[in-house]
Amino acid sequence: MNTVLEEIESGLTLVLAKMEKRGICLNTRELKKIKDKIYLEILNLEEEIFELTKSEFNINSPKQLSEVLFEKLKLPTKGLAKTTTKNISTNSNELEKLIYLHPCISKILKFKELKKLETSFLKTLPNFIDENGRIHTTFVQTGTATGRLSSDTPNLQNIPSKSDYGKLVRGCFEAGKGFDFVSFDYSQMELRIAAKLSGDKLMLKAFEEGKDFHRYTASLVNKVDYTDVTKEQRNRAKALNFGIVYGMGSKAFAQSAGISKEEARMFIEEYYENYFGLRNFLDDLKLKAKENGYCETLYGRKRYLSFVGGFGFQAALEERIAVNMPIQGLAADIIKKAMIKIDNYLIENELEDKVRMILQIHDELIFEIDCDINSDEIIENIKKLMEENDFDILLKVDIKKGKN
DNA sequence: GGTGGAAGCGCC
DNA sequence: AAAGGGCGCTTCCACC
């Protein structure tokens with residue numbers, strides 16, 4: 001029997017169909033206000049950039065931007081990344097490095113940020129609303145290599161949330177009249193999975209004791225008291241924790257933590273001296289993938305690899321995949337199973353009209369819940385269904401409630 | 001006018 | 001040459 005197909009995917013299809021059909025409410029008036037405000041700001045920025053660079057050009061064209069910055073203004077290109085076509089990259093990460101060299105850079109970064117919000121979200125989302133003011137995504141069940149869902153037309157899994165304007169955009173999604181939004185968010189799901197799969201003593205201890213895992217990691221690699229960890233130290237540890245399950249090397253870590261390659265190497269070494277169970281587990285994953293020609297999750301979801309071998313880019317990429325897919329994929333398996341369980345629970349208790357699953361965003365489920373019912377116990381039950389799993393992974397779900 | 005690759009960037 | 005996993009969407013640009 002194929003567990004993934006029969007116990008997960010087959011049962012999920014109808015759940016997804018219901019979510020798509022319900023849709024989610026978008027406040028287009030509010031969205032329009034943000035759009036108008038951003039539009040003016042973009043115009044101003046554009047004008048300032050033209051003035052500062054003494055050129056009128058399409059800032060959105062990497063080719064033209066590159067010409068202005070590196071040929072006309074002759075800004076240094078040393079240390080900047082190249083694109084696949086060997087051109088100098090003009091992405092935000094690289095532009096950050098030039099920020100003190102010319103006053104136009106910070107304006108260009110802001111311009112890019114706002115333009116992205118305008119074109120990808122503010123201008124397009126209103127085109128998707130139906131006669132009831134709701135938007136219906138399509139969840140793609142067979143679209144990813146790891147077992148995650150994807151979402152398209154429109155993608156509701158990449159709605160902005162980080163920047164100040166991003167938060168405003170996300171705030172335009174509202175619960176239907178008479179309903180609240182309740183979100184259930186797995187906390188550090190992949191790290192908890194990695195802890196359990198590897199059996200790493202210290203990782204497991206951290207989670208069992210309810211520690212802030214990034215702070216805990218920082219205290220280990222910096223050899224300081226848990227309570228004495230600085231913000232800086234915690235941020236680096238956080239970048240490291242995430243990077244490790246992506247198969248990150250010292251160069252990438254150096255970049256994301258803003259430190260030298262040598263420092264990065266020492267941090268990673270110290271990291272693995274503490275979490276040696278994790279290192280052994282990740283090494284095993286690579287070996288197994290090479291033996292089998294595929295990697296897989298505990299449920300047997302497989303991803304086949306070509307394994308050209310050697311030490312080239314492709315070989316290194318496949319090692320990173322071999323490390324990441326079993327973790328990311330199991331997270332996907334677990335939330336999918338939870339969605340099915342929750343759907344059954346709501347049907348059995350005749351709650352389908354009062355409690356509606358609306359969105360899945362990889363490690364998070366969003367529901368609309370009728371304001372008039374006492375939902376405390378229901379919320380607690382949903383949380384339990386999400387946290388319980390077949391492998392004794394210590395999962396933790398955080399709950400948030402709101403009108404948008 | 002349409003198409004597809006590349007670049008870039010929003011999210012987890 | 002790239003050098004941390006997974007997506008989808010928009011724009012630019014070369015090309016048909």
Side-chain angles (χ1 to χ4, degrees), chain A residues 57-66 80-95 108-109 111-125 127-128 137-140 142-163 165-167 169-170 185-191 194 239-257 261 264 268 282 285 295 303 311-332 335 359-365:
Chain A
F57 64 107
N58 184 345
I59 305 162
N60 265 324
S61 160
K63 192 168 165 244
Q64 294 182 37
L65 181 56
S66 172
L80 297 189
K82 304 270 179 70
T83 68
T84 45
T85 50
K86 298 176 188 166
N87 293 311
I88 303 150
S89 171
T90 56
N91 69 31
S92 300
N93 194 27
E94 305 311 307
L95 294 189
I108 292 171
L109 286 166
F111 175 90
K112 279 170 172 268
E113 180 198 333
L114 297 188
K115 198 76 185 168
K116 172 79 175 179
L117 291 182
E118 186 196 28
T119 56
S120 292
F121 304 102
L122 295 167
K123 267 170 65 179
T124 48
L125 284 174
N127 300 329
F128 288 100
T137 186
T138 300
F139 288 109
V140 184
T142 54
T144 68
T146 57
R148 277 189 176 180
L149 297 174
S150 71
S151 158
D152 67 20
T153 55
N155 181 357
L156 293 185
Q157 289 178 322
N158 75 338
I159 299 302
S161 65
K162 287 174 179 156
S163 66
Y165 272 120
K167 289 187 178 84
V169 174
R170 184 169 282 213
D185 201 322
Y186 284 107
S187 157
Q188 288 160 357
M189 188 179 201
E190 293 184 2
L191 288 170
L240 198 43
N241 282 329
F242 280 118
I244 291 298
V245 291
Y246 296 156
M248 178 176 66
S250 58
K251 191 181 169 189
F253 174 56
Q255 271 216 329
S256 68
K261 241 173 87 178
I268 293 176
L282 298 180
L285 284 179
C295 43
R303 176 174 184 178
F311 302 94
F313 178 77
Q314 185 62 25
L317 173 63
E318 296 196 348
E319 282 200 348
R320 297 194 292 273
I321 291 171
V323 161
N324 175 259
M325 182 273 172
I327 299 169
Q328 185 185 127
L330 184 59
I335 192 170
L359 285 181
Q360 188 253 43
I361 309 160
H362 309 305
D363 62 358
E364 173 181 19
L365 293 175

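Every chain is numbered from 1 and lettered A, B, ... according to where its sequence line falls, protein lines coming before strand lines.
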Do [X] and [Y] have side chains that get closer than 4.5 Å, going by heavy atoms?
X	Y	result
A:Leu240	A:Ile268	yes
A:Pro160	A:Tyr165	no
A:Leu359	A:Leu365	no

Under 4.0 Å, counting only non-hydrogen atoms across every strand here, what does [X] touch: a base, just sugar-phosphate, or nothing?
X	value
A:Lys86	nothing
A:Ile327	nothing
A:Arg320	sugar-phosphate
A:Asn58	sugar-phosphate
A:Ala145	sugar-phosphate
A:Glu190	nothing
A:Phe242	base
A:Asn158	base
A:Ala239	base
A:Lys63	sugar-phosphate
A:Gly243	base

Rounded to the Å, how far apart are [X] [atom1] and [N] [atom2]?
X	N	atom1	atom2	value
A:Glu118	B:dG10	CD	P	14 Å
A:Leu95	B:dG8	CG	P	9 Å
A:Gln64	B:dG8	CD	P	14 Å
A:Gln157	B:dC12	CD	P	10 Å
A:Tyr165	B:dC9	OH	P	19 Å
A:Asn155	B:dG8	CG	P	21 Å
A:Leu114	B:dC9	CG	P	13 Å
A:Asn91	B:dG8	CG	P	5 Å

Tell me whether the side-chain N/O atoms of [X] come closer than 4.0 Å to OP1 or OP2 in [N].
X	N	value
A:Lys162	B:dC12	yes
A:Thr90	B:dG8	yes
A:Ser89	B:dG8	yes

For A:Ala194, side chain to side chain contact (heavy atoms under 4.5 Å, CB included) partners two or more places apart: A:Met203, A:Val245, A:Leu278, A:Ile327
Applying salt bridge (Lys or Arg N to Asp or Glu O under 4.0 Å), name anything that partners [X], two or more places apart in sequence or on another chain.
X	answer
A:Glu318	none
A:Lys112	none
A:Glu118	A:Lys115

Cation-pi check, A:Arg148 onto A:Phe139 ring (under 6.0 Å, within 45° of axis): no
Closest-nucleotide 5' rank along DNA chain C - winner of A:Pro62 and A:Met248: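 Going by which nucleotide is closer to the 5' end, it is A:Met248.
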Pairwise 5' ranking along DNA chain C for A:Val140 and A:Lys82, keeping only the more 5' one: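 The residue whose closest nucleotide sits nearer the 5' end is A:Lys82.
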Interatomic distance at C1', B:dA6 relative to C:dA2, whole Å: 14 Å
Nearest-Å distance once atom P is located in both B:dC9 and C:dA1: 24 Å
Set of side chain to side chain donor-acceptor pair (under 3.5 Å) partners for A:Gln255, sequence neighbours left out: none
Leading and trailing nucleotides of DNA chain C with any atom under 4.0 Å from heavy atoms of chain A: C:dA2 to C:dA14
